[in-house]
Amino acid sequence: MEHPLQGDSGPSHTGSASVQSFLRARAASVRRTVGGQFVFDSASWVTGLVFAAVFRYELEFTRVQWPSMLALCVAAVIFQFIWGRTFNLYRGRFRTGSFHEVQALTVATVATAITIGIPVLLFGTVLTIPRSTVLVALPMALVLMGAARYLRRLSAEKRSKPSSEAENTLVYGAGSLANFLIPQMLTNPRSKYLPVGLIDDSPAKSNYSVGGISVLGPGQDLAKIARDTEATTLVVSIGRADSALIRKIKDLADAAGLRTLVFPLLSDILEGRSALKDLKEVSIEDLIGRHPVDTDVESIADYLTGKRVLVTGAGGSIGSVLSQQIAKYAPAELMMLDRDESGLQSSQLLIDGHGLLHTRNVVLADIRDRDTLMRIFGDRKPEVVFHAAALKHLPMLEQYPDEAWQTNVQGTLNVLDAARSVGVATFVNISTDKAANPTSVLGHSKRVAEKLTSWAAEETGMRYLSVRFGNVIGSRGSMLPTFTSLIAAGGPLTVTHPDVTRFFMTIPEACQLVVQAGGIGEPGEVLILDMGEPVRILDVAQRMIEMSGKDIDIVFTGLRPGEKLHEELLGSSESDARPRHPKISHARVEALSPERLDKTEWLRRCRQSSE
């Protein structure tokens, strides 16, 4: 990660005496700054009050009762200090000239005016002070205080310019993120980027500017603007940019010969893996896996707080990140269940910071073993269950359909029965887009798992539901790690068909959807995230080869048995209802009772649909 906005964080040495000396020096500097501000604020009040009184008497100085005015000025200074401290104005809490400082200054000054103005208004005759004095002095004092802070900020910004080596940079997007980014670039001497222009596609912002940096045109004019400004870098400053928009901007930047930088994914920022100031090169994940969903997860995840939560498949790519996200909501107990002890160790390292495998939050068990599951559920009594354990590799399951039946169908039924036996209130089954109009063993097995979950919802009346999404970027054995390994080995890259497309999402996005489902889904539903337009696999392969800088061939191997050319998110009989969120569909799935399970019939359908 690059840190173009990073300021001076203090001394690099680690000696405790030096650190203490630095902290004392900084505290003294803050006190001097705050003290100077208070002195000027006091002078502003005195100036305003004196001028107000003098103007009231039409510049006849002899008519002003100076002892009374002196007392009023002293009172104004005292109460300005009291109210200023109350609202943190003189505690060094604000950046000079910032909106929050001006807000605190206004509140403190108005409070001071009310405090000293009410006695003057009521007893002005007795005090020999004109009743209008404070009312007239208030705006004058505020203007003087505000002007001083503005000039100080301008002076500081002039002293803090990017270095002469900073790259000429265009900023794509003139929204709120640009209002944060550009002032930081302009005033940070350590910034690597000097903004020379804004790019925005909205006609309404054609005359807009931020910090003196103007909008120079829309994205379609990027090449010309880059030549005119001699820019070498483009920073995307659109807070909710999805993968389709990132691809469009990246293509325009490549055509203009610009290096493209983006902010990290929101999920990375929330997880603490990145900060807002971190800019990075565009990755393949940015190009195919950004699907921002504005849902306040915290407000709907209270069903996890203080509850006993169990995650099956917790050693897998999704299960481990899901467990990590669940841990943030302070469950009474988090049980991570898997048959892979190494996977459980990795999950424990991620969540507990150790992999000792001696605590009760790791549970070694196989969902195929019904008796063991019943014993574990009876002993630990989970209240919320996330079922992530499954076999997922389509071509492998085409060869071994019995394994798909035993794990994805019978294993899911075992978990459902164990959950029903102890009264689990919320059960979220993790499914796949291949369950919509299935044509493969994997798709048929996950479709049956969805129907069994719907049946359990009918039986219990509890929130038993499924979540369906497309390919998860970065999960074990998925496309991107495979392509990365093939590129590292020198190729060739194998693609099944030149027109094959898939839906993609990142692991944190997938897990966020799973957590949301438990809060907004209804019993028996399947929730599906709108992942935008599907991505052509050939395009992904070509982009990854281009980004690697290597000359690697692409070989087409043909669609495998059971594999679709284009995946679907909704089945032909499912409606696309979105009652809770515009990007999350709620579909209904037919319930299937265990008595109606017929392995022979299921195998026949698998063979028939894959032919």
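What you see is a predicted model, and the numbers here were worked out from it, not measured in a lab.
Between Lys392 and Glu403 there is no salt bridge, since no side-chain N of the basic residue sits under 4.0 Å from a carboxylate O of the acidic one. With respect to the salt-bridge test (charged N to carboxylate O, under 4.0 angstrom), the residues Asp254 and Lys250 qualify. Using a 4.0 Å cut-off between a side-chain N of Lys or Arg and a carboxylate O of Asp or Glu, Glu450 and Lys446 do not qualify as a salt bridge. Ion pairing of Glu590 with Arg596 is present here, as a side-chain N (NZ or NE/NH1/NH2) and a carboxylate O approach within less than 4.0 Å. Arg339 has a carboxylate O that lies under 4.0 Å from a charged side-chain N of Asp366, or vice versa, which qualifies the two as a salt bridge.
Annotation for Phe469 and Ala510: closest pair CZ-CB, 3.8 Å, computed over non-hydrogen atoms. What you find for Ala253 and Thr260 is that their closest heavy atoms are CB-OG1, 3.1 Å. Asn437 and Gly571 get closest at one heavy-atom pair: OD1-CA, 3.6 Å. Scanning both residues, Thr494 and Phe483, for their nearest heavy atoms gives O-CE1, 3.6 Å. Lys307 and Pro331 make their closest contact through O-CB, 3.3 Å (heavy atoms, listed as atom of the first residue, atom of the second, distance).
With a 4.5 Å cut-off on side-chain heavy atoms, Phe504 and Met479 count as touching. Taking 4.5 Å as the limit, some side-chain heavy atom of Arg543 sits within range of a side-chain heavy atom of Asp251. Within the 4.5 Å cutoff, the side chain of Leu373 has heavy atoms near those of the Ile367 side chain.
Under a 3.5 Å cut-off, the side chain of Glu601 and the backbone N or O of Asp598 do not form any donor-acceptor pair. Under a 3.5 Å cut-off, the side chain of Thr432 and the backbone N or O of Ala435 do not form any donor-acceptor pair. Under a 3.5 Å cut-off, the side chain of Ser237 and the backbone N or O of Tyr172 do form a donor-acceptor pair. Under the 3.5 Å distance criterion, the side-chain polar atoms of Arg468 are left unmatched by any main-chain donor or acceptor of Ala436. The closest donor-acceptor contact from the side chain of Gln406 to the backbone of Arg368 lies at 3.5 Å or more, if one exists at all.
The salt bridge (Lys or Arg N to Asp or Glu O under 4.0 Å) analysis of residues 478-493, with sequence neighbours excluded, yields no pairs. Among pairs with a residue in residues 544-561, those fulfilling side chain to side chain donor-acceptor pair (under 3.5 Å) read Arg560-Glu563, at least two apart in sequence or across chains. Sorted by first and then second residue, the pairs that involve residues 398-421 and meet ring pair (Phe, Tyr, Trp, His ring centres under 6.0 Å), not counting sequence neighbours, are Trp405-Trp602. Among residue pairs with one or both ends in residues 540-568, none qualify as ring pair (Phe, Tyr, Trp, His ring centres under 6.0 Å); sequence neighbours excluded.
Applying the salt bridge (Lys or Arg N to Asp or Glu O under 4.0 Å) rule to Arg380 yields the partners Glu333; only residues at least two apart in sequence or on another chain are considered. In this view, Glu595 and Ser593 satisfy the side chain to side chain contact (heavy atoms under 4.5 Å, CB included) rule, not counting sequence neighbours. Taking Leu569 as the reference, Asp433, Phe503, Ile528, Met531 meet the side chain to side chain contact (heavy atoms under 4.5 Å, CB included) condition, with sequence neighbours excluded. Every side chain to side chain donor-acceptor pair (under 3.5 Å) that Asp402 has, sequence neighbours left out, goes to Lys599. With sequence neighbours left out, the side chain to side chain contact (heavy atoms under 4.5 Å, CB included) criterion links Ser454 to Ala591. Pro579 pairs by the side chain to side chain contact (heavy atoms under 4.5 Å, CB included) definition with Ala577, His586, not counting sequence neighbours. By the ring pair (Phe, Tyr, Trp, His ring centres under 6.0 Å) test, Phe386 is found to be paired with no residue, residues two or more places apart in sequence or in another chain being considered.
Remark: Lys381 NZ to Arg308 CZ distance equals 8.0 Å, nearest 0.5 Å. Taken from CD in Gln345 to CG in Asp352, the straight-line distance is 12.0 Å, to the nearest 0.5 Å.
None of Asp286, Leu252, Asp539, Val535 except one satisfies the side-chain contact (heavy atoms from CB on, under 4.5 Å) rule with Arg247; the exception is Val535. Of the residues Ile326, Leu310, Ile351, Leu322, the one that meets the side-chain contact (heavy atoms from CB on, under 4.5 Å) test with Met336 is Ile351.
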Could you pull out all donor-acceptor pairs under 3.5 Å where a side-chain atom in residues 416-429 meets a protein atom, sequence neighbours excluded?
unit_1: Asp417; atom_1: OD1; unit_2: Arg420; atom_2: NH1; d: 3.3
unit_1: Asp417; atom_1: OD2; unit_2: Arg370; atom_2: NH1; d: 2.7
unit_1: Asp417; atom_1: OD2; unit_2: Arg370; atom_2: NH2; d: 3.4
unit_1: Ser421; atom_1: OG; unit_2: Ala418; atom_2: O; d: 2.6
unit_1: Asn429; atom_1: ND2; unit_2: Ser466; atom_2: OG; d: 3.0

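For the residue pair Thr359/Gln348, the side-chain donor-acceptor check at 3.5 Å is satisfied.
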